[in-house]
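Down below is the structure, laid out as structure tokens.
Both backbone and side-chain heavy atoms feed into the values below; hydrogens, waters and symmetry mates do not. This one's a predicted model, so the numbers in the text were calculated from it and none came from an experiment.
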Amino acid sequence: MKINKALCLISLISAVSLAGCSTTDKASSSEAPTEPEKVSPESISFEWQAPYEAKLEEFRNSEQFNSNPNGGSAFEITDVTGDDTPELIISPSGDKASMCSIYTCEGGNIVSLGETGFFGEFEYLPEQGYIHEEYSGEGFIIGKYKKYEDGELVDKLNYSDNSGEASSGATITHSINGDDVLLSQYEETLTEYGAGPSFRIGRKYTFGDAAVNYGIRRAESWGAVLTTEQKELARGKLNELLTSLDVAASGAAFELCDLNGDDVPELVVSEGAFSESQCRIYYFNGGEMSQLEGTYGSLGCIKFDMEKLVFYAETPMETTYWSLADSNFSAADYVSSGSVMQVGRKYSLTEADITAALL
């Protein structure tokens, strides 16, 4: 375990996180300049919050719930139907046969959209609206693409391939929707369906109390919390990165997340989804966005304990911890609260998602 002292930016971020304040010329007014009132993300309400919170509590009290901190039950709240209302995805575990349950909210009521995925997660391709599940066995692959249409998830493509069994003398087949096709057609079809950015969905949050509260009451509220000036600063930084990063090749992404508990989110930019990909962290600094020195994380994300306000990176060799909230933080004394989330890959780094995140 690698031990890191806290990053010494707590006082700086606290002092400058309120952007957008107006200044008044002392010669023309004796009144002190006013700052915009800080808005708590928990003061923002959505129709889906109470139903999703109740469903999570119901699941937590069910026999399906797995409390194992490594590979146990998890959940995610994100839009996989394209209607701008997030769905609730519950992952019973990270086991091979574990499928995610997808729920949406209609008129304040929970509606089940069914189950999908393997290992407690699935892939979502936002530009095409596809939900993708795939399982690789010994020498074979089976997979499926689904899409939300007319109130339900509809199968759009089924495929299978057993090329890995060639060495055993098996007859090799490439199948699309039950029909055997040539390898070239098989590959062309899967390339078409798999085009565009994608995200692994299902296991963003653990079931700790602070994690449930953050996912339900905070994570979807930043667009309403940020001031107009803060949004413009974030938009400018993201557009700058959009032109400097090879987004198509790397799968760059971003997310707003309050890493120091001051109700003003930091901007976490994921450089990609590969094992060596890391995150850049930016914070509001008066009339600009400043970058935290260095890069953080692995696999394009960081993990964040929202109760202890500690974020960290896990690799096969070590786990490295940081804090923006405690100048006396020591990794040697850190004990997880059990409320942990993955941060960095909520939105793809595209013009459409930059607009969506900063409405």
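A donor-acceptor distance shorter than 3.5 angstrom exists from the side chain of Asp79 to the backbone of Gly82, with no hydrogens or angles considered. Formation of a donor-acceptor pair under 3.5 Å by the Thr355 side chain with backbone atoms of Glu351 is found in this model. Judged purely by atom type and a 3.5 angstrom limit, Arg345 uses its side chain to pair as donor or acceptor with the backbone of Gly251. A distance-only check finds a donor-acceptor pair linking the side chain of Ser277 to the backbone of Phe274 [under 3.5 Å]. A donor-acceptor distance shorter than 3.5 angstrom exists from the side chain of Lys308 to the backbone of Val335, with no hydrogens or angles considered. With hydrogens and angles disregarded, a donor-acceptor distance shorter than 3.5 Å links the side chain of Thr206 to the backbone of Gly338. Side chain of Asn213 to main chain of Asp209: no donor-acceptor pair is present (N/O by atom type, distance under 3.5 Å, no hydrogens or angles). Put simply, the side chain of Asp305 never gets that close to the backbone of Ser336: no donor and acceptor are under 3.5 Å apart. Between the side chain of Arg280 and the backbone N or O of Glu271 there is no donor-acceptor pair closer than 3.5 Å. A donor-acceptor pair is defined here as one N or O able to donate and one able to accept, closer than 3.5 Å; no such pair exists between the side chain of Glu57 and the backbone of Ala54.
Salt bridge annotation for Lys156-Glu149: present, with a cationic side-chain nitrogen under 4.0 angstrom from a carboxylate oxygen. Here Asp353 does not pair with Lys346 in a salt bridge; the nearest charged N to carboxylate O distance is not below 4.0 Å. Under the 4.0 Å criterion applied to side-chain N and carboxylate O atoms, Glu42 and Arg217 are not assigned as salt-bridge partners. By the 4.0 Å N-to-carboxylate-O rule, Lys204 lies close enough to Glu255 to be salt-bridged with it.
Ring planes of Tyr205 and Tyr214: tilted class, angle from 30 to 60°. Trp48 and Tyr52 have tilted rings, their planes meeting at an angle from 30° to 60° on a 0 to 90° scale. Under the 30°/60° scheme for interplanar angles, the aromatic rings of Tyr296 and Trp322 are found to stand perpendicular.
Considering NE2 of His174 and CG of Asp179, their distance stands at 14.0 Å, rounded to 0.5 Å. Of the inter-residue distances, the one linking Ser73 atom OG with Ile90 atom CD1 reads 8.5 Å to the nearest 0.5 angstrom. Interatomic distance, CG of Leu245 versus OG of Ser250, reported as 6.0 Å (0.5 Å rounding). Within the model, atoms CG of Leu88 and CD of Gln49 stand 12.5 Å from one another, a figure rounded to the nearest 0.5 Å. Rounded to the nearest 0.5 angstrom, Lys303 NZ and Thr319 OG1 are separated by 8.5 Å.
Linking ILVMFWY residues whenever their side-chain heavy atoms come closer than 4.5 Å, directly or via other members, places Ile44 and Val212 in the same cluster. Note: the hydrophobic cluster containing Val264 also contains Leu256 (ILVMFWY, side chain heavy atoms under 4.5 Å, direct or indirect links). Note on Leu241: it clusters hydrophobically with Trp222, by side-chain heavy-atom contacts below 4.5 Å among ILVMFWY residues. One hydrophobic cluster holds both Met289 and Ile302 under the rule that ILVMFWY side chains link at heavy-atom gaps under 4.5 Å.
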Step by step, work out the side chain to side chain contact (heavy atoms under 4.5 Å, CB included) result for Asn162 and Thr171.
CA-CA 8 Å; Asn162 67 337; Thr171 301; 5.9 Å; no
Using ring pair (Phe, Tyr, Trp, His ring centres under 6.0 Å), reason through Phe65 and Phe207 one step at a time and then give a plain yes or no.
CA-CA 9 Å; Phe65 179 66; Phe207 266 80; 5.3 Å; yes
Should Leu238 and Leu349 be marked as a side chain to side chain contact (heavy atoms under 4.5 Å, CB included) after you check the CA-CA gap, both sets of side-chain angles, and the distance that decides it?
CA-CA 7 Å; Leu238 290 169; Leu349 188 57; 3.9 Å; yes
Evaluate Phe199 against Tyr124 for ring pair (Phe, Tyr, Trp, His ring centres under 6.0 Å), listing each step before the verdict.
CA-CA 5 Å; Phe199 297 92; Tyr124 179 60; 7.9 Å; no
Could you go through the side chain to side chain contact (heavy atoms under 4.5 Å, CB included) check for Val39 and Asp263 one step at a time?
CA-CA 8 Å; Val39 178; Asp263 286 350; over 6 Å; no
Give the C-alpha distance, both sets of side-chain angles, the deciding distance and a yes or no for side chain to side chain contact (heavy atoms under 4.5 Å, CB included) between Glu152 and Leu113.
CA-CA 6 Å; Glu152 61 180 348; Leu113 298 182; 5.7 Å; no
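Across all their heavy atoms, Ile102 and Leu153 have their closest contact at CD1-CD1, 4.0 Å. The heavy-atom pair separating Ser221 from Pro41 by the smallest distance is OG-O, 3.2 Å. Residues Leu242 and Thr350 share a closest heavy-atom pair of CD1-CA, 4.3 Å. Here the closest heavy-atom approach between residue Leu309 and residue Ser323 is recorded as O-OG, 3.3 Å. When all heavy atoms are compared, the tightest approach of Ala211 to Phe75 is O-CZ, 3.8 Å. Considering all non-hydrogen atoms of both residues, Ser298 and Ala313 come closest at N-CB, 4.3 Å.
A donor atom on one side chain and an acceptor atom on the other are found under 3.5 Å apart for Glu87 and Thr81. Under 3.5 Å, the side chains of Asn66 and Ser93 contain no donor-acceptor pair of N or O atoms. A side-chain N or O of Ser198 and one of Glu123 form a donor-acceptor pair less than 3.5 Å apart.
With contacts defined as side-chain heavy-atom distances shorter than 4.5 Å, the pair Val80/Thr104 does not qualify. At least one side-chain heavy atom of Tyr283 sits under 4.5 Å from a side-chain heavy atom of Leu292. You'll find the side chain of Arg203 stays beyond 4.5 Å of the side chain of Glu76, heavy atoms only. A 4.5 Å side-chain heavy-atom check between Cys257 and Met306 finds every atom pair outside the cut-off. Contact of the Ile89 side chain with the Ser101 side chain is not registered, since no non-hydrogen atoms from C-beta on lie closer than 4.5 Å.
The aromatic ring centroids of Phe311 and Phe304 lie 6.0 Å or more from each other. Ring centers of Tyr347 and Phe254: under 6.0 Å apart, within the cut-off.
Geometric assessment of Lys55 against the ring of Tyr103 yields a positive cation-pi assignment under the 6.0 Å and 45° thresholds.
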With a cut-off of 3.5 Å and sequence neighbours excluded, list every side-chain donor-acceptor pair involving residues 140-148.
unit_1	atom_1	unit_2	atom_2	d
Lys146	NZ	Glu115	O	3.2
Lys146	NZ	Thr116	OG1	3.3
Lys147	NZ	Gln128	O	3.1

Side chains of residues 189-197: which donor-acceptor pairs under 3.5 Å do they make with residues two or more places apart or in other chains?
unit_1	atom_1	unit_2	atom_2	d
Thr189	OG1	Gln185	O	2.8
Thr191	OG1	Glu187	O	2.8

